Amino acid sequence: MKKTTSPVSRRSFLKTTAGLAAAAVVPQFIPGNAMGKDLAVAPSERITMGGLGLGSRGRYDLNCLLVEPDVQFVADCDLQKNRREAVKAQVDKHYGNKDCVLYSDMFDIYARDDIDALLIATGDRWHTMASVLAAKAGKDVYSEKPCSTTIAESQALANTMRRYGRVYQAGTQRRNIPNFQLAIDLVHSGKLGKLKRVIANTLAPGTTQAWLPGQPEPAKEICDWDRWLGPCPWRPYNSEYVNSRWRGYFDFHGGGILEWGSHTVDQCQWANQADDTGPVEFTPVGNHIHSKYANGVELIMRDTGWLGLGTCSVRYEGEEGWVETGDSGRMEVGPDSLRGEIQNFPVAGTAPQAHLREFLNCVKTRGVTKANGDVAGRSHIVCHAAYICWQLGRKVQWDPVKEEFLGDEEANRMRTRAMREPWRI
């Protein structure tokens with residue numbers, strides 16, 4: 001690939017200006033836009049970003065990033081030619097140039113020391129691995145959810161971000177959506193009375209071990225099938241998988257509880273002020289999971305019985321009242337005396353703008369995001385434990401400190417999955 005001239009990054013700007021200061025024998029002239037003239041963002045304040053595996057959701061996130069004045073998006077990596085070219089067209093159109101550099105090997109984008117942060121929106125099977133490798137390469141990470149496919153991956157993700165001191169934001173954007181925040185405020189303010197039950201909208205849990213019929217593999221430049229599989233067990237190529245229809249297959253997906261629970265269980269954890277813990281027992285009831293925290297609060301994961309307030313709904317019930325909300329932005333409460341507390345918001349629960357903005361702010365300040373590796377890791381672990389409970393079809397006891405099932409060797413073996421060579425976390 002030809003070497004191209006990239007926009008000035010925060011890192012290169014700081015290095016260059018430091019060198020100029022040290023060697024300032026003759027007057028130096030710096031362009032006005034480099035100093036932030038006419039509302040331009042100075043390179044020292046600009047976050048240089050790249051993308052990894054940006055499909056439809058990733059390009060939606062990208063649209064939100066491109067309008068941020070302190071972001072310069074310079075490169076994209078994808079295993080599929082059509083997807084990486086779609087990103088380049090989107091980025092180049094926005095900037096009015098042809099500067100977005102494309103890669104088919106993620107290690108090439110990791111190697112660029114001018115890139116501060118990565119937007120990762122691969123399929124679920126790659127989220128943890130790609131994020132861990134990015135952190136080790138010195139990149140901050142915004143990763144779409146679900147962020148892991150096993151309990152072990154959740155642990156590795158949190159541990160890596162902490163060890164390498166990287167800013168990490170899971171794409172659980174409802175932590176920054178107004179109606180979900182207001183529902184949490186009603187709980188934490190005590191206006192519902194003592195919290196008794198938190199309920200998460202999840203999907204049917206099941207996945208399949210089946211394979212689709214094999215098809216001829218495309219050329220590696222068109223789609224690198226072996227790398228697409230990554231740490232997952234080998235299976236023959238089928239175009240359905242790479243066209244975003246991989247969900248529901250066990251090797252690639254953590255099931256329906258995780259699919260929406262990565263958002264809604266996360267909200268319930270927050271409502272119960274349990275970001276640093278999790279339930280201590282899980283019981284399957286059909287496609288629902290009933291669980292309980294050590295403080296006595298129940299967590300129910302269910303795919304039915306909702307008021308129709310939108311996808312990824314949550315409901316919090318206290319001794320004196322309840323609140324339910326979802327992606328529509330609408331809210332319902334009981335009793336009627338609480339109606340004056342609610343608002344209906346125009347922001348959809350799927351909108352990531354505010355969540356991305358929080359990430360960017362933390363990249364600059366080295367602050368801790370709301371959906372950091374520890375918080376996201378624990379809420380994902382709750383979902384994984386619930387799915388294991390459902391697969392076993394029996395009640396399980398969980399130790400949220402040791403993050404293991406109590407006296408249950410079969411369940412503990414299911415906390416991890418074998419990874420295909422050469423991939424290791």
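Only a predicted model underlies this, so the values are computations on that prediction, with no experimental measurement involved.
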Student: Looking at Lys98 and Lys88, would you say the former's side chain and the latter's main chain have a donor-acceptor pair under 3.5 Å?
Tutor: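 Not at all, since once roles are kept as given, no pair shorter than 3.5 Å links the two residues.
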Student: Could you tell me whether the side chain of Lys81 and the main chain of Glu221 form a donor-acceptor pair under 3.5 Å?
Tutor: no
Student: Within the 3.5 Å criterion, strictly below it, is a donor on Tyr293 or Gln269 matched to an acceptor on the partner's side chain?
Tutor: yes
Student: Report, as yes or no, whether the 6.0 Å neighbourhood of atom CD on Gln209 holds more than 12 heavy atoms from other residues, nucleotides or ligands.
Tutor: yes
Student: Report the distance from atom SG of Cys383 to atom CD1 of Ile151, rounding to the nearest 0.5 Å.
Tutor: 10.5 Å
Student: Using only heavy-atom distances, determine whether the side chains of Tyr241 and Arg235 contain a donor-acceptor pair under 3.5 Å.
Tutor: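 Present: a donor and an acceptor within the cut-off.
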Student: Testing Pro146, Ser313, Cys312 one by one against Trp260 for a side-chain contact (heavy atoms from CB on, under 4.5 Å), which residue passes?
Tutor: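 Only one of Pro146, Ser313, Cys312 forms a side-chain contact (heavy atoms from CB on, under 4.5 Å) with Trp260, namely Cys312.
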Student: Quick one, Leu356 and Glu68 - any side-chain contact, counting heavy atoms below 4.5 Å?
Tutor: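 The answer is no, as the side chains (C-beta and beyond) never meet within the 4.5 Å cut-off.
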Student: Would you name the heavy atoms of Arg174 and Phe180 that are closest together and state the gap between them?
Tutor: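 Looks like O-CB, 3.5 Å.
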Student: How many angstroms lie between CG in Asn344 and OG1 in Thr325, if you round to the nearest 0.5 Å?
Tutor: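 Taking CG in Asn344 and OG1 in Thr325, the distance rounds to 8.0 Å.
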Student: How about Trp390 and Asn287: does a side-chain donor come under 3.5 Å of a side-chain acceptor?
Tutor: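 Note: Trp390 and Asn287 side chains meet the donor-acceptor criterion.
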Student: I would like to know whether Lys220 and Asp105 meet salt bridge (charged side-chain N to carboxylate O under 4.0 Å, His left out); could you show each step before the answer?
Tutor: CA-CA 11 Å; Lys220 187 175 180 179; Asp105 188 330; over 6 Å; no
Student: Flag the pair Asp70 and Lys364 as a salt bridge only when some basic side-chain nitrogen lies within less than 4.0 angstrom of an acidic carboxylate oxygen.
Tutor: yes
Student: Just how far is it from atom CG of Asp140 to atom CG of Leu119, taken to the nearest 0.5 Å?
Tutor: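 It comes to 13.0 Å.
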Student: Is there side-chain contact between Phe345 and Leu182, with heavy atoms separated by less than 4.5 Å?
Tutor: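 The answer is yes; the side chains approach within 4.5 Å.
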Student: From the options Asn201, Ile289, Thr264, select the one residue that forms a side-chain contact (heavy atoms from CB on, under 4.5 Å) with Met301.
Tutor: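 By the side-chain contact (heavy atoms from CB on, under 4.5 Å) criterion, Met301 pairs with just one of Asn201, Ile289, Thr264: Ile289.
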Student: Between atom CG of Leu203 and atom CZ of Arg302, what is the distance when rounded to the nearest 0.5 Å?
Tutor: 14.0 Å
Student: Are Gln90 and Asn63 linked by a side-chain donor-acceptor pair shorter than 3.5 Å?
Tutor: yes
Student: Do the ring centers of Phe252 and Trp228 come within less than 6.0 Å of each other?
Tutor: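 Yes, the ring of Phe252 comes within the 6.0 Å limit of the ring of Trp228, centre to centre.
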Student: Check Trp398 against Pro279 and note the closest heavy-atom contact, atom names and distance.
Tutor: CD1-O, 3.1 Å
Student: Quick check: does any side chain N or O of Tyr110 sit under 3.5 Å from a backbone N or O of Lys136, one acting as donor and the other as acceptor?
Tutor: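 No, the answer is negative, given that no donor and acceptor are paired below the 3.5 Å cut-off.
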Student: Just wondering, do Glu144 and His127 contact through their side chains at under 4.5 Å, heavy atoms?
Tutor: yes
Student: Regarding Tyr387 and Thr207, is there a side-chain donor-to-acceptor distance under 3.5 Å anywhere?
Tutor: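 Side chains of Tyr387 and Thr207: pair found under 3.5 Å.
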Student: Please determine whether side chain to side chain contact (heavy atoms under 4.5 Å, CB included) holds for the pair Tyr316 and Leu186, giving the CA-CA distance in whole Å, both sets of side-chain angles, and the decisive distance to 0.1 Å.
Tutor: CA-CA 9 Å; Tyr316 311 131; Leu186 289 176; over 6 Å; no
Student: With side-chain hydrogen bond (donor to acceptor under 3.5 Å, both in side chains) as the test, pick out the partner of Asp408 among Arg394, Lys395, Gln397.
Tutor: Arg394
Student: Where the side chain of His355 meets the backbone of Gly171, is there a donor-acceptor pair that is under 3.5 Å apart?
Tutor: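 No; zero donor-acceptor contacts below 3.5 Å.
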Student: Relative to each other, are the rings of Trp126 and Trp423 parallel, tilted or perpendicular (30° and 60° limits)?
Tutor: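 Answer is perpendicular, since the angle exceeds 60°.
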Student: Could you go step by step and tell me if Ile388 and Phe282 meet the side chain to side chain contact (heavy atoms under 4.5 Å, CB included) rule?
Tutor: CA-CA 9 Å; Ile388 290 170; Phe282 297 83; over 6 Å; no
Student: How far apart are the closest heavy atoms of Val167 and Cys362, and which atoms are they?
Tutor: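 For Val167 versus Cys362, the nearest heavy atoms are CG2-O, 3.6 Å.
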Student: Quick one: OG1 on Thr128 to NE2 on His380, what's the gap to the nearest 0.5 Å?
Tutor: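 The distance works out to 8.0 Å.
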Student: Answer yes or no: is there an ion pair linking Arg247 with Glu259, defined by an N-O contact shorter than 4.0 Å?
Tutor: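 The answer is yes: the pair qualifies as a salt bridge.
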Student: Would a distance-only check, ignoring hydrogens and angles, find a side-chain to backbone donor-acceptor pair under 3.5 Å from Arg415 to Thr150?
Tutor: no
Student: Could you walk me through whether Ser131 and Leu157 satisfy the side chain to side chain contact (heavy atoms under 4.5 Å, CB included) test, starting with their C-alpha distance in whole Å, then the side-chain angles of each, then the deciding distance to 0.1 Å, before giving a yes or no?
Tutor: CA-CA 7 Å; Ser131 297; Leu157 179 67; 3.7 Å; yes
Student: Give a yes or no on whether the backbone of Gln173 and the side-chain of Asn176 come within a donor-acceptor separation of less than 3.5 Å.
Tutor: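 Looks like no, no N/O pair under 3.5 Å.
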Student: If you count heavy atoms of other groups shown closer than 6.0 angstrom to CZ of Arg163, is the number above 12?
Tutor: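 No, the 6.0 Å shell around CZ holds no more than 12 heavy atoms from other groups.
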Student: How about Asp327 and Thr311: does a side-chain donor come under 3.5 Å of a side-chain acceptor?
Tutor: yes
Student: If you define the side chain from C-beta out and look only at heavy atoms, does anything of Ile425 sit under 4.5 Å from Met129?
Tutor: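 They are in contact (side-chain heavy atoms under 4.5 Å apart), so the answer is yes.
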Student: Quick one: does His188's side chain get under 4.5 Å of Trp270's, heavy atoms only?
Tutor: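 A side-chain contact under 4.5 Å exists here.
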Student: Evaluate the side chain to side chain contact (heavy atoms under 4.5 Å, CB included) criterion for residues Lys370 and Gln181: first the C-alpha distance (whole Å), next the side-chain angles of each, then the deciding distance (0.1 Å), finally the verdict.
Tutor: CA-CA 12 Å; Lys370 292 178 183 175; Gln181 291 174 319; 3.3 Å; yes
Student: In terms of side-chain geometry, is the basic nitrogen of Arg175 or Asp275 positioned less than 4.0 Å from the acidic oxygen of its partner?
Tutor: yes
Student: Measure across Ser154 and Gly377 and return the closest heavy-atom pair with its distance rounded to 0.1 Å.
Tutor: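 Heavy-atom minimum between the residues: CB-O, 3.6 Å.
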Student: Closest heavy-atom contact between Ile381 and Glu403?
Tutor: CD1-OE2, 3.5 Å
Student: Of the non-hydrogen atoms in Arg125 and Pro231, which two are nearest, and what is the gap between them?
Tutor: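 For Arg125 versus Pro231, the nearest heavy atoms are O-CG, 3.8 Å.
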Student: Please tell me if the side chains of Ile199 and Glu324 come closer than 4.5 Å, counting only heavy atoms from C-beta onward.
Tutor: no
Student: Answer yes or no: is there a side-chain heavy-atom contact under 4.5 Å between Val74 and Val101?
Tutor: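 They are not in contact (no side-chain heavy atoms under 4.5 Å apart), so the answer is no.
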Student: Is a side-chain donor or acceptor of Ser104 paired with a backbone partner of Leu79 at a separation under 3.5 angstrom?
Tutor: no
Student: Could you check whether any side-chain N or O of His384 sits under 3.5 Å from a backbone N or O of Leu258, counting only pairs where one atom can act as donor and the other as acceptor?
Tutor: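 Side chain of His384 to backbone of Leu258, a donor-acceptor pair under 3.5 Å: no, none is there.
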Student: So, does Trp234 use its side chain to make a donor-acceptor pair with the main chain of Leu229 at under 3.5 Å?
Tutor: no
Student: Is there a donor-acceptor pair under 3.5 Å between the side chain of Tyr237 and the backbone N or O of Val242?
Tutor: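 Absent.
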Student: Considering only heavy atoms from C-beta outward, does the side chain of Val382 approach that of Leu299 to under 4.5 Å?
Tutor: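 Touching, per the 4.5 Å side-chain cut-off.
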Student: So, Arg83 and Asp76, do they make that salt bridge, N to O below 4.0 Å?
Tutor: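 Salt bridge flag = no for Asp76 with Arg83.
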